[in-house]
Undergrad: 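Input: one structure, supplied below.
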2 protein chains.
Amino acid sequence: MAPRAASKTAETSDKVSVICRALRRAIIEQALEPGAKLPEDSLGERFGVSRTIARHALGQLAAEGLVELRRNRIAVVATPSWQDARDAFDVRIQLERLVVRQLAGKLTKAQIAELNAHVDAEDRARGGSDPVSIRLATEFHILLAHMTNSPILIRYVSEIAYRCCLTLSLFSRPHSSECAINEHRAIIAALVRGDENKVMSLMHSHLDSVAGRALVAPVPQRGRDLLDILAPYAEEAESGRVVKLPKAARGR
Amino acid sequence: MAPRAASKTAETSDKVSVICRALRRAIIEQALEPGAKLPEDSLGERFGVSRTIARHALGQLAAEGLVELRRNRIAVVATPSWQDARDAFDVRIQLERLVVRQLAGKLTKAQIAELNAHVDAEDRARGGSDPVSIRLATEFHILLAHMTNSPILIRYVSEIAYRCCLTLSLFSRPHSSECAINEHRAIIAALVRGDENKVMSLMHSHLDSVAGRALVAPVPQRGRDLLDILAPYAEEAESGRVVKLPKAARGR
DNA sequence: GCCTATCAAAGTGCATGCAATTCCTGCGCA
DNA sequence: TGCGCAGGAATTGCATGCACTTTGATAGGC
């Protein structure tokens, strides 16, 4: 349909990438907080695979910087430092600059519609601290990257956007996604006009406004059980595609 | 010694990362040409590990874009398209721009010495088509990235530099590394002077001059046996650190 | 009461085994 | 000579098993 080619840079087979996607979502929606333990056994049990597969998935996520792996130790959700966050945003701005340069004035009608639809979805899922709206805000940028049709750019922007999302959950107060949504709309408009410079400055200030926040101490929630947390994500992983809200599922 | 921190972004344990390093070198030195098959068994046999580990290493390399993995198929060394190459260089220029910005005028004496030593090594290993000199030229950029102390930047620059190196082996005629070496020296000088703009333009034209070449048809060499090709790399992997020239080893 | 040694439980590191799939070689046929 | 097609060899997909490491709780010494 949309010209979205070759996105799978790695993503071995099926099972592994399914688990990766599920965990990625669980992490950026903060169902799994930074520091949360991810034992191979539990993961395997939850997703109905052996440790081997769970392990492989953890390896991938570690390569993406979402998970920390230390020899002989339980894998944990990554806890990026403040400096990491700064670096990540620096890199991100450069990468998104490339995206903008390639896209300005070159969006097809279908793509414009897709972008608008996405922002509409953001609008619907509003509510600053709602994890789903945070995910959607991040995925707006990933959607843009996809439209460049450059596998490398897609991968890097996706990765770093997820990482930034993760760090935000650590360092930022619940961000009012309302303004972010308006900024997204402005970016689309400028992209359509082909006003590259305008988009650049919009994107820059957009990312800055998202990044430049006060620091809030992280509160690790140890109480809930991993198996419970992952239940909705595992369900979705088994049956078909992305469910809109994770709390919707919850069967067995 | 040198201020080179936290480089292991993923790199699971020991064995896996050792194999990754060995394969990475074999690939960028063109001992393994694009399209070369990498069966798990052979890899495991060559490096004295089980398929499990070899498989994991292949997964990592696939995530880095050096290896292509398709379900139920033998892994092969990646064969980037021409468009991939262009995209990669675009991204690379942006990333190296960040490196330069962070480093201009801020190099320590030790770092300057290290850079000079590296270029001296390039000089010694001269000879345009010598795979080792190609590797060293690539690693100059990676060395620069390391000096930023930004794990993200280090990882991305390393990855993309290797990928560019791989694409060059496909699309570029044997590049006279002599000029590259001089350009490297000029970059060091400008970095030391802190002349950011100068470094930027140097780096830009440097990468352009490396990237902008005519297209040569790839000639897949099917003859040699994987086990033979990898012999020197496996040896080095077992015993200690980087050997200067791969053909040096070759024991059993 | 507090610190430390010890030991079982939990978890990872890695190899191996079996099933399923792909590959490839040789054969029949046009 | 060229082409399709079987069937065995090669190879991957995945689970499981065992050894080793870490963890954390408990008991003993100070």
Side-chain angles (χ1 to χ4, degrees), chain A residues 8 10-23 32 35-63 67-78 220 222-227 229-230 234 237-238, chain B residues 8 10-23 32 35-63 67-79 220 222-230 234 237-238:
Chain A
K8 52 181 59 179
E11 304 297 293
T12 325
S13 61
D14 253 0
K15 302 198 180 180
V16 170
S17 61
V18 163
I19 296 180
C20 277
R21 263 196 298 275
L23 285 180
L32 291 170
K37 293 180 182 174
L38 302 169
E40 298 171 358
D41 294 332
S42 319
L43 255 42
E45 181 183 343
R46 171 47 76 197
F47 290 99
V49 298
S50 80
R51 282 202 309 124
T52 309
I53 306 303
R55 181 186 187 72
H56 210 82
L58 286 175
Q60 292 291 323
L61 293 174
V67 159
E68 273 164 24
L69 241 38
R70 273 161 38 200
R71 190 179 173 84
N72 280 319
R73 289 214 165 61
I74 303 179
V76 295
V77 176
R222 279 281 154 60
R224 293 177 64 197
D225 188 43
L226 177 68
L227 268 62
I229 296 176
L230 283 181
E238 283 168 18
Chain B
K8 52 182 59 179
E11 303 298 293
T12 324
S13 61
D14 253 359
K15 301 197 181 180
V16 170
S17 61
V18 163
I19 296 180
C20 277
R21 262 196 298 276
L23 284 180
L32 291 170
K37 293 180 182 173
L38 302 169
E40 299 171 358
D41 293 332
S42 319
L43 255 41
E45 180 183 343
R46 171 46 76 197
F47 290 100
V49 297
S50 80
R51 282 202 308 122
T52 310
I53 305 305
R55 182 186 186 72
H56 210 81
L58 286 174
Q60 293 290 324
L61 292 173
V67 160
E68 273 164 24
L69 240 40
R70 273 162 35 197
R71 188 178 174 85
N72 279 321
R73 290 216 164 62
I74 303 180
V76 296
V77 175
T79 309
R222 277 281 154 59
R224 291 178 65 197
D225 189 44
L226 178 66
L227 269 63
D228 292 337
I229 295 175
L230 282 180
E238 284 167 19

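Naming convention: chains lettered A, B, ... in sequence-line order (proteins, then strands); numbering from 1 in each chain.
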Undergrad: Which of the following nucleotides, C:dA15, C:dT12, D:dT12, is nearest to the side chain of B:Ile53?
TA: C:dA15
Undergrad: Using the test side-chain contact (heavy atoms from CB on, under 4.5 Å), find all partners of A:Ala75 that sit at least two apart in sequence or belong to another chain.
TA: A:Leu38, A:Leu58, A:Val67, A:Leu69
Undergrad: Between B:Ala63 and A:Gln60, which heavy-atom pair has the shortest distance, and what is it?
TA: CB-OE1, 4.0 Å
Undergrad: Can you list everything that forms a salt bridge (Lys or Arg N to Asp or Glu O under 4.0 Å) with B:Glu68? Sequence neighbours excluded, please.
TA: none
Undergrad: Could you state the interatomic distance from OG (B:Ser50) to CG (B:Leu43), rounded to the nearest 0.5 Å?
TA: 11.5 Å
Undergrad: How many Å lie between CG on A:Asp41 and P on C:dA9, as a whole number?
TA: 16 Å
Undergrad: Might you point out which heavy atoms bring A:Ile53 and A:Lys15 nearest each other, and give the distance in Å?
TA: CG2-CB, 4.0 Å
Undergrad: Ignoring hydrogens, what is the shortest heavy-atom contact between B:Ala57 and B:Cys20? Give both atom names and the distance.
TA: O-SG, 3.7 Å
Undergrad: What string of B, S and - do you get for nucleotides 19-24 of chain C, 5' to 3', if B is base contact, S is sugar-phosphate-only contact and - is no contact with any protein heavy atom under 4.0 Å?
TA: --SSSS
Undergrad: Whole Å only: how far is the CD atom of A:Glu45 from the C1' atom of C:dG11?
TA: 14 Å
Undergrad: Just how far, in rounded Å, is P of D:dA15 from CZ of A:Arg55?
TA: 14 Å
Undergrad: With respect to the side chain of A:Pro39, which nucleotide from C:dT12, C:dT16, D:dT16 is positioned closest?
TA: C:dT12
Undergrad: Can you tell me how far P of D:dT11 sits from CG of B:Leu43, to the nearest Å?
TA: 12 Å
Undergrad: Side chain of B:Arg51 only, heavy atoms from C-beta on: which candidate in D:dT16, C:dC18, C:dT12 is closest?
TA: C:dC18
Undergrad: Tell me which of B:Glu40 and A:Ser50 sits closer to the 5' end of DNA chain D, going by the nucleotide each one is nearest to.
TA: B:Glu40
